[in-house]
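A quick write-up on the structure given underneath.
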Amino acid sequence: MSNYNEVHALIETLDKETKEYLIQYFKNAPGFVYDSLQIVRYPAGHLFIEQGSPVQTISILVKGIVKGTDYPILGAMYDFMWFDPVKPFGALEYLTKQPCFNASLMTACESTMLLLPLSVYTRWMETDINAMYVDASTTTNQLLYEIRRERIYIFMQGTERLAYFLILYYKQFETDGICHVNLTRQQICDSTGLSIRTVNRGITTLLEKNCLLKSGNKLFIRQSEYAQIQTMMEGIL
């Protein structure tokens with residue numbers, strides 16, 4: 001049974017940018033795609049893809065935030081990216097002919113996804129050049145973004161790397177000019193590759209430079225602090 005009406009009813013509830021993206025993405029989608037699409041809502045902290053597991057389903061993030069985690073060296077955890085909509089998980093593996101997922105993926109907040117069996121997704125991509133182009137463009141741009149970020153990280157240490165991470169975090173999670181840093185110190189370490197000691201020292205430095213604010217145990221950034229971090233990073237970025 002086609003899920004066309006349910007899928008497009010969901011699309012109508014999304015923000016303008018996501019809505020326009022999905023309308024373009026599905027504009028030539030054949031009926032067999034809608035026959036297999038499932039709408040799934042995951043709670044925060046749900047591990048829906050484990051690194052090394054076989055690619056059997058494409059999960060298209062349409063609402064929420066997902067954290068990508070890699071275990072590259074001796075089991076060390078590295079949260080290499082925070083993804084927001086629209087992101088098709090499994091598309092990279094499909095395009096590069098990788099049978100298994102390259103990272104673990106967990107929802108950072110309540111998230112909504114469209115699930116499509118790999119066999120159906122493959123058939124769709126092979127018959128819909130528009131959808132293939134949209135997927136390839138999105139995946140390539142994401143890779144270029146990750147490569148640039150990692151290249152910048154290589155030449156940064158300590159406070160500078162933490163400040164750059166906070167710039168990216170603010171851009172993604174800011175609401176009405178305020179960004180609450182809802183991460184533990186260990187999670188910041190996992191996202192920057194820095195030690196606890198270095199992160200603590202960097203946070204103290206940024207607080208002293210008025211680049212960061214603290215209320216109790218919570219850290220947050222307003223537009224004024226964000227501007228201060230950008231000024232601090234002038235000549236580096």
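The structure displayed is predicted, hence computed values, not measured ones.
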Linking I/L/V/M/F/W/Y whenever their side-chain heavy atoms sit closer than 4.5 Å, directly or via other members, would [X] and [Y] fall into one cluster?
X	Y	answer
Y25	F83	yes
Y226	F173	yes
V33	V7	yes
F220	I167	no

>> Take a 6.0 Å sphere around CZ of F32 and say whether it holds more than 12 heavy atoms from other residues, nucleotides or ligands.
In response: yes
* Answer yes or no: does atom CG of D176 have more than 12 heavy-atom neighbours from other residues, nucleotides or ligands under 6.0 Å? => no
Taken to the nearest 0.5 Å, the spacing of Q56 CD from I49 CD1 works out to 11.0 Å
d(R185 CZ, S195 OG) to nearest 0.5 Å is 12.5 Å
* Asked: Under 3.5 Å, is there a donor-acceptor pair linking the side chains of N182 and Q187?
  -> no
Does the side chain of Y164 pick up a donor-acceptor pair with the side chain of E160 at under 3.5 Å? no
Say whether, by atom type as modelled, one donor and one acceptor occur between the side chain of [X] and the main chain of [Y] under 3.5 angstrom.
X	Y	result
E225	R222	yes
T231	A227	yes
T13	L10	yes
R161	T192	yes
N3	E6	no
S191	I188	no
E50	S53	no

Beyond-backbone contact of [X] with [Y], side-chain heavy atoms, under 4.5 angstrom:
X	Y	result
I23	I11	yes
C189	L194	no
L61	V86	no
P54	P99	no

Can you give each donor-acceptor pair under 3.5 Å made by side-chain atoms of residues 205-216, sequence neighbours left out, with the distance rounded to 0.1 Å?
{"from": "T205", "atom 1": "OG1", "to": "R201", "atom 2": "O", "distance (Å)": "3.0"}

With sequence neighbours left out, the residues meeting side chain to side chain contact (heavy atoms under 4.5 Å, CB included) with I147 are R151
ring-ring contact (aromatic ring centres under 6.0 Å, His included) filter on Y42, not counting sequence neighbours, yields H46, F48
Between L95 and M132, does the side-chain contact (heavy atoms from CB on, under 4.5 Å) criterion hold? Intermediate values first, please. CA-CA 10 Å; L95 290 169; M132 170 63 86; 3.9 Å; yes
For residues 94-112, the side chain to side chain donor-acceptor pair (under 3.5 Å) pairs (sequence neighbours left out) are E93-N102
Residues pairing under side chain to side chain donor-acceptor pair (under 3.5 Å) where one sits in residues 116-125, two or more places apart or in two chains, turn out to be Y121-D135, W124-D128
*State plainly whether the residues R149 and E146 are in salt-bridge range, i.e. N to O under 4.0 Å.*
no
Checking side-chain contact (heavy atoms from CB on, under 4.5 Å) for the pair Y170/I229: CA distance, chi angles, key distance, verdict? CA-CA 11 Å; Y170 181 92; I229 297 176; over 6 Å; no
message: Would you say the rings of Y34 and H8 are close, in the sense that their centroids are separated by under 6.0 Å?
response: yes
Sequence neighbours excluded, the answer for side chain to side chain donor-acceptor pair (under 3.5 Å) partners of E12 is K19
